[in-house]
Amino acid sequence: MASLISCPHCGVRPKEEFTIRGDASLARPTGDADAGVWYDYVYLRDNPKGRHKEYWHHSSGCRRWLIVERDTVSHAVHTVSDAALAKLGGAA
Amino acid sequence: MPERPEHKPALADKATVEGSGIRLEPLPEGHLLHVIGAFDGDSLANALPTAGLATSTVRAAGYQQWYITGEESLPPSRIALLADHLKGRGFVSDQSHGRIRIALSGPRAADLLAQGTAVDLDAAAFPIGQSAVTLFGHVSVQLTRTQAARFELTVLRSFAEDLYEMLEHAAAT
Ligand SMILES: [Zn+2]
């Protein structure tokens, strides 16, 4: 269930301890990118049915940014990893 | 008139509460040092005696973060000793006046805490020495099991009175 998130640092915690930022698969355009590209990045969002990656901040726990892969239909959480460590190539 | 306002403990007006199976007490405002660094908790604990903090305890507070705490109030020179010792590896930030500790003990302690936090307090999942940063109600706390039936809650100073009153209320019911 997406109402319980398994933080790699803190263990299983309820969603109330987290703040959600949204889609973790978006790539930020470069500063000199076309206005249309920026418009898409800022305003247009997919609304996927099924597996989806999101940024979750464990704001009332370890205060780390996590990447949560969950199913938007079943609310099942498939994977949770530390966002910064994942970007450094670690498993979290 | 004193040059600077005198320090008044946040829970100075609060008394220890003893109920059936429960004891709630404000702890002395000793020291609370926030340490951030790329090492592990054991090496930090091993560094404490060298820094003159042999009686202090280390509590994990998230990824590469710890709190070092104890009953004694430390002058800046003693804190600098630890900072020097960790130089190049970690950073120390004195939070002694910023955070307040509250102790909750007795056979009912875990049940009472379970009313406010989602952390699994079963002794197998949360043994003695274990620490968790979590919510108690809407208040952010660091929860530590210090003995089988004794816990400590560390809370931001401005929330201390509110949390204490929440626990007083829970202890009375
Ligand atoms: Zn966490």
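- Counted within 6.0 Å of CG on Asp46(A), heavy atoms from surrounding residues, nucleotides or ligands total 12 or fewer; the atom is thus considered open.
- Of all heavy-atom pairs spanning Ala118(B) and Pro14(A), the tightest one is CB-CD, 3.3 Å.
- A chain of hydrophobic side-chain contacts below 4.5 Å, direct or via other Ile, Leu, Val, Met, Phe, Trp or Tyr residues, connects Ile22(B) to Met166(B).
- Atom OH of Tyr39(A) sits in a sparse spot, with 12 or fewer heavy atoms from other residues, nucleotides or ligands closer than 6.0 Å.
- More than 12 heavy atoms of other residues, nucleotides or ligands shown are found within 6.0 angstrom of NE2 on His78(A).
- Residues of residues 16-32 of chain A that come closer than 4.5 Å to chain B, counting heavy atoms only, are Glu16(A), Glu17(A), ordered by residue number.
- Residue Lys53(A) places its NZ atom among 12 or fewer non-hydrogen atoms of other residues, nucleotides or ligands, all under 6.0 Å distant.
- Under a hydrophobic clustering in which Ile, Leu, Val, Met, Phe, Trp and Tyr are joined whenever their side-chain heavy atoms come within less than 4.5 Å, directly or via other members, Val155(B) and Leu27(B) fall into different clusters.
- Crowding of Phe39(B) atom CZ: a count of heavy atoms from other residues, nucleotides or ligands under 6.0 Å exceeding 12.
- No side-chain heavy atom of Arg13(A) sits under 4.5 Å from any side-chain heavy atom of Leu135(B).
- Here the straight-line distance linking atom NE2 of His58(A) with atom OG1 of Thr134(B) works out to 6.5 Å at 0.5 Å rounding.
- If you take CD on Gln65(B) and NE2 on His9(A), they are separated by 10.0 Å, rounding to the nearest 0.5 Å.
- Hydrophobic cluster membership differs between Tyr67(B) and Val141(B), with clusters built from Ile, Leu, Val, Met, Phe, Trp and Tyr side chains linked at under 4.5 angstrom.
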